[in-house]
Amino acid sequence: MVDLSTTYLGLPLANPLVPSASPLSRDLGMARRLEDAGASAIVMYSLFEEELREEEAQLDRFVHHHALGHAEAQTFFPESAQYKGRLDSYLEQLAALKSALHIPVIASLNGVSLDGWVEHGRDLQEAGADALELNVYYVAANGGETSAYVENLYVELLAELKRYVGIPITMKLSSQFTSVIYLVRLLEEAGANGVSLFNRFYQPDIDLDTLEITPRLSLSSSIESLLRVRWIAILHGRVGLSLAVTGGIHTAQDALKALLAGADVTHLCSALLEHGPERLAEILADMRAWMVDHEYASVAQLKGSVSQQHAIDPAVYERANYVTVLDSYTGAAGVRR
Amino acid sequence: MPAFHNPVTIDGNEAAARIAYLTNEVIAIYPITPASPMGEWADEWAARAERNLWGTVPRVVEMQSEGGAAGVVHGALQAGALTTTFTASQGLLLMIPNMYKIAGELTPAVFHVASRSLACQALSIFGDHSDVMAARATGFAFLASNSVQEAQDMALIAQAAALEARVPIVHFFDGFRTSHEVAKISGLDTDQVRAMIPEAQVREHRARAMSPEHPVLRGSSQNPDVYFQARETVNPYYARMPAIVQGAMDRFAELTGRAYRSFEYVGADDAERVLVLMGSGAETAEETVDYLNRQGERVGVLKVRLFRPFDGAAMVEALPSSARRIAVLDRTKEPGADGEPLYKDVIAAIAAHVMGGGSRFAAMPVVVGGRFGLSSKEFTPGMAKAVLDSLAAERPQSHFTIGIHDDVSHSSLEWDPLFAGDAHDGTFQAVFYGLGSDGTVSANKNSIKIIGDAMALHAQGYFVYDSRKAGAVTVSHLRFGPCPIRSTYLIADGQAGFVACHQPVFLERYDILDKAADGAVFLLNTPEAPDSVWDTLPRRMQRQAIDRGIRIFVIDAYAVAERAGMGKRINTVMQTCFFAISGILPRDDALAAIKAAVEKSYGRKGRHIVDLNFQAIDESLAALHEIDVPKEVSSRVERPLPVPPGAPEFVQKVTGEIIAGRGDSLPVSSLPVDGTFPLGTAAYEKRNLALELPVWEAELCTQCGKCPLVCPHGVIRSKVFPEELLTNAPPTFKSAPVLGKDFPAGFRMTYQAAPEDCTGCSLCVDICPIHDKSNVSRKALNMAPQPPLRDPERANWEFFLTLPEYDRAAVKATTIKGAMILEPLFEFSGACEGCGETPYIKLATQLFGDRMVVANATGCSSIYGGNLPTTPWTVNAEGRGPAWNNSLFEDNAEFGLGLRLAIDKQADYARELLDRLGPRLDDSLVAGILAADQSDEAGVRAQRERVARLREAAAALDGHDARELESVMETLGRRSVWIIGGDGWAYDIGFGGLDHVLASGHNVNILVLDTEVYSNTGGQTSKATPRGAVAKFSSGGKPTAKKDLAMMAMSYENVYVAHVAYGAKDVQTVRAFVEAEAHDGPSLIIAFSPCIAHGVDLKHNHRQQQLAVKSGHWPLFRYDPGRARQGRNPLHLDSAEPSIPYREYVESETRFNMLWRSHPEDARRFLELSQHEVTQRFHHYKQLAELPWGEVVADPGDEPGGKD
């Protein structure tokens, strides 16, 4: 019997398959099915800073201050006592997940500004979150900001969140960093318990009929996991915090590669949205079968065994893909052209 | 120091509604200003499951009209429930039939009335006693409250007394005075309320209920033999009533320490001159009498609380025996009577006393009567004193008026506007000028609470609103003081210790410092730097500041708010400054209190907003500067005239004065006797609301005409004109060769905006479909900052107005481009920025304005259409235009039908006269008139020309018939009758009439501006409200579907019906209007009208229309009975099958999406139902539209039962 257990953010987990932030966690039934399928922990859907702000602005505009200043119509909406803000709904759902599930629940905060919203981390901790994922995505569209400024923003945000919570925090990062190792080290120094590589976001798309820009999000594919695998492999052994791969994990093969590269857990989202929670059990079974076939006793044994430090040709992780790919078309030495 | 027991800071409506809610089981409501908030409170408390005295949640039901509410009240009372309602004005009138029944059956109930003027020569939403006086014969008792405190206390006393006496009571207080006055009062706790309500009599009431367990007959029909006697059976109940009311007052006094009398005299015990009045004016009278007596006079005031049953003996007993001269003031007018009701009651009571040998008075006192305070006209200490002074004359004037200058009947007494007494020594008085939407009023209400809570001070707030909605001005009057505040009038000129101007543009419009007292503090929000502000103040203002020693503080509140991330919300900034410099509370305490209030109102739902507010509060102090007031006036700025000097005399002398805020000073003679006003006056009022204006890029434009179509204010126009007219054009005037083969060569097209009338809503830019190929953000129309454009564009606009109109007969009106060349006769309304209703009205005036007669239901459209000072309805160069009238809310369809019938009758009569006079007239002229085809513009014009010739011909004829013909011949020209109103009218209160008019077959055009909610009264649910929408009276989301008015109308088969949304398919809208008007029978256009009450910014107006259509919420179709007569299917669908989920539409509007946060399960259920409905309905319409018509319409002879 192979031992699939792993440790992530200090949490002992039964296996390395952790559903990532997705609508599945909005539904208790779905969450239970994930647990039944073998999920070892669950990352809740994100509490978006943007959504909270938009909600506040909408309430402010249309409920609190909807006055026209007209004698006959001083307001337009009844103020509902039952109105529940997104934050409150999130906390309720977090508490509900905690009581419905036996596995750890990782709450997810998604935002970027420093003006106080990370305080909500404390509410999440109080509502029972076992850890927090801080999902930051900053588009440095202002030409005056240096790379260091942007990196520092992440560090500051983490430091701010640390002021409010004592539970482990993992940072979900974007792939748009020049020096990933350096940044991860900075984050580790600032107290991060893990990093999760890499987030996927809406991309602006141009509607050719209206020439309007519309956000678009498509489900991931396995190929996307390779970028993550590379950076996990490079990080493994160079940093002390937990490592997670998120994005493009669809099969046991994808997950195994991530673990071999050095990930402590792999997150799943698109695969579960496409095929349902039970897909997780299939992936887990396939992983187990591969490990049995390849005579691995435990995840601990294989974890990081093909990291850059341990790889047969570590330089491949550093080499630019273009050369590598061309190289792969070069015939074996003994073959005549 | 006053002792407040259980202090609360609330307005009169809330004070009365709290008691009504606690002491009733069924509450039937219908919105009407200024009583709507009482119903809203009741509904909100019920939605929160708050319980009444008996621990149960009252059942609150909104009805289709006040008539309906009164019927429900009657029924619920008959079934034994404690039942109440709230209303005012016309609403009370609609309740009168049931009030006779309720009283006739001796049923205990209390109606709470925020008393308001009745619609006579004009509607008015403001306060007087016309409504309650009109109901005084119903058999109800009438109990008046004079203050917010009394609105609460009398509500309870009334409830107790009604139960004990079995006589129902109208408890009334002055609308917009007491109903909307925010005051700190002593609240009542539940135990006190319980102690007042007689449980035994509650059970007796229940025991009298109609019940099959002990059935009776009530409501019989009686004959001459017994009706009269039966009517007299109730006398003992009325005889007991005054004592019961006084008894309830006395019990109340024991419980609370607040003692009231049915007739309460205050003043000198030996007063010779006495005022008698009821309502809020009594407080001012008391304040004045107190002062005068301290000055050595001997005067008094009798406050009448129980007006019916009128206890004459008690009234006499309450007057001091020393009274020699009595002036009775009525807040109502009974034209043609020899005195108003209270006056006649008083005089009759005194006469009866004297005639009966009573000896209260040494001699019969002289009693005079007068009118005051109609429609919330100010009643000040100066006026109260003037009446008392007039009593000192040898022969005091009776039938006087006070508060106006009557130069027609010379009824008015003169008064000293500067007389103030000493009531405000030690009172802090502050006046704030704000913009309706900038939060000034809510901040001031909040300040009153803060000060009221923090200190043992009496507090009062009164708010004066604008009649327009876009860019509305609000003036807040706040008083704080150690003594009870009886000043039921506004802060007078020269009285305010603090004046704030929250919008720099007001300096141009109002004499802000007129209100300032000597040594006052003035706070100005201005973008000017502190060292240059002084020079921007008007000369008059500088003079006042110097003469009165006024300290001036300035802040750039918009900059502070912007920096704090609060956008344009300056209320917190200005409130902070008020507390910082007014000195009313210690600064730190005040700031802490503001912060606490912010936290309380936003709490968990808006922590970020709390932070932003805190930041704004902290930054405000740093940005606040006191400026030096120089010793000399240096400004070159003069306030501009309210209307241009070239305006017609009436506009200058009357309209302009009202615009300038000096309407109170207009004498009676300046006003029309019958409520008739000239059209086109909105054009004279330049409000300069827009921060940005649309700028036309002629070279990009394809001249589609969409921008003038969607402009809610008729600001952007197009004109086609001969090129040679450009010679005198201003240098920046733009035009381009007109495109399209419908126009002759050498003509040019221009699109021009009226810069000073634009509200900056940007919908014209939003609808513009043309993008610069190299820069998609640049359109053929773009917004640009107003200030540099104002002067050149004003010159361009003036030039544009000089260009001639294009020949109407040559325009293809079914195209947008063509229709938009036609001159709109509806312009610059005071509707909200981005209003979704006004484009439809404007379109109708473009197509038919020169022949329209309009019946307009009360509502938004009657307010932006006809609220003084100005009207957007206007005339063309020939002087023709829509003739407009607003009858009532409930009868608009019938009113419009009356217009049609009169026109048709007169046209018939004119044709008969033509027949009779035919031999004396030109045969071809008569034949031409009688056979005229007026179905197009050319035909209409030809007939007008023929009628003009007929007028000349008739003038030359002698005899009665010729004179008769002259008086009716204009009806021979085509008249287009339009019946316009909102969904509240069409779906609810006016539906019965609408239905009847549709069924009548007469040629009227009905335009329903469907905002799916009662917009004008503040967003209450109508039967047009869609399922799942949150609105007032549906705080848990409307559980039932929107009524399908179109389907109902189509069932009549002879009715033209169209469902339109101009922002989704403009051509369909234009076609529908043209077809509706052409249809010789009733036409109904149901027009989707986005409204700010939907909780979406109106800059997205078009997007919302498109989403509504695409989601299937608003299918577009036209049902034309004319097609059926041609053997074709009359129904034509103009929109495709729903192409987006219904959810995509509803989640874009606050009215729907807030339900997901309050009642998610219901929201989900409603969404599923609605999705099902829109799919089903579209399917149903599609099936109907696809029916093979010729085969379906069979020979009537084949109908079942048609043979044998």
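Order of the sequence lines sets the chain letters (A, B, ...), proteins ahead of strands, with each chain counted from 1.
- With hydrogens and angles disregarded, a donor-acceptor distance shorter than 3.5 Å links the side chain of B:Lys1032 to the backbone of A:Thr75.
- With hydrogens and angles disregarded, a donor-acceptor distance shorter than 3.5 Å links the side chain of B:Arg1157 to the backbone of A:Lys84.
- Contact of the A:Pro78 side chain with the B:Val1030 side chain is registered, since non-hydrogen atoms from C-beta on lie closer than 4.5 Å.
- In this structure, the portions of B:Asp1097 lying under 4.5 Å from any heavy atom of chain A include both its backbone and its side chain.
- If you measure heavy-atom distances from B:Ile609 to chain A, the contacts under 4.5 Å come from both the backbone and the side chain.
- If you take CD on B:Glu1149 and CD on A:Gln58, they are separated by 10.5 Å, rounding to the nearest 0.5 Å.
- For the set B:Gly1018, B:Gly1019, B:Gly565, the count of heavy-atom pairs under 4.5 angstrom toward chain A peaks at B:Gly1018.
- Of all heavy-atom pairs spanning B:His771 and A:Thr210, the tightest one is NE2-O, 4.5 Å.
- At most 12 heavy atoms of other shown residues, nucleotides or ligands fall within 6.0 angstrom of atom NZ in B:Lys1099.
- Contact annotation for B:Ile863: only side-chain heavy atoms (C-beta onward) come within less than 4.5 Å of a heavy atom of chain A.
- The CD atom of A:Glu55 sits 9.5 Å away from atom CG of B:Asn1153, with the distance rounded to the nearest 0.5 Å.
- The CD atom of B:Glu40 sits 12.5 Å away from the CZ atom of A:Phe77 when rounded to the nearest 0.5 Å.
- A:Phe62 and B:Ile1092 get closest at one heavy-atom pair: CE2-CD1, 4.3 Å.
- Chain A forms more heavy-atom pairs under 4.5 Å with one residue of B:Ser1015, B:Gly1036, B:Gly439, B:Pro34 than with any other, namely B:Ser1015.
- Heavy atoms of B:Arg569 lying under 4.5 Å from chain A belong exclusively to its side chain.
- Of the two parts of B:Val776, only the side chain, counted from C-beta on, holds a non-hydrogen atom closer than 4.5 Å to a non-hydrogen atom of chain A.
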Q: For the pair A:His70 and B:Asp466, evaluate side chain to side chain contact (heavy atoms under 4.5 Å, CB included) and give the outcome as yes or no after the intermediate values.
A: CA-CA 6 Å; A:His70 194 256; B:Asp466 203 326; 5.8 Å; no
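- With respect to chain A, the highest number of heavy-atom pairs below 4.5 Å among B:Thr1150, B:Asn571, B:Val464 belongs to B:Thr1150.
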**Q.** Candidate pair B:Tyr465 and A:Gln74, rule side chain to side chain donor-acceptor pair (under 3.5 Å), full reasoning
**A.** CA-CA 10 Å; B:Tyr465 299 94; A:Gln74 289 165 45; 3.2 Å; yes
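- Open room surrounds CD on A:Glu54; 12 or fewer heavy atoms of other groups in view lie less than 6.0 Å from it.
- Few gaps surround CD on A:Glu278; more than 12 heavy atoms of other groups in view lie less than 6.0 Å from it.
- Looking at B:Phe176, only its side chain comes within 4.5 Å of chain A, counting heavy atoms on both sides.
- Atom CD1 of A:Ile206 sits in a sparse spot, with 12 or fewer heavy atoms from other residues, nucleotides or ligands closer than 6.0 Å.
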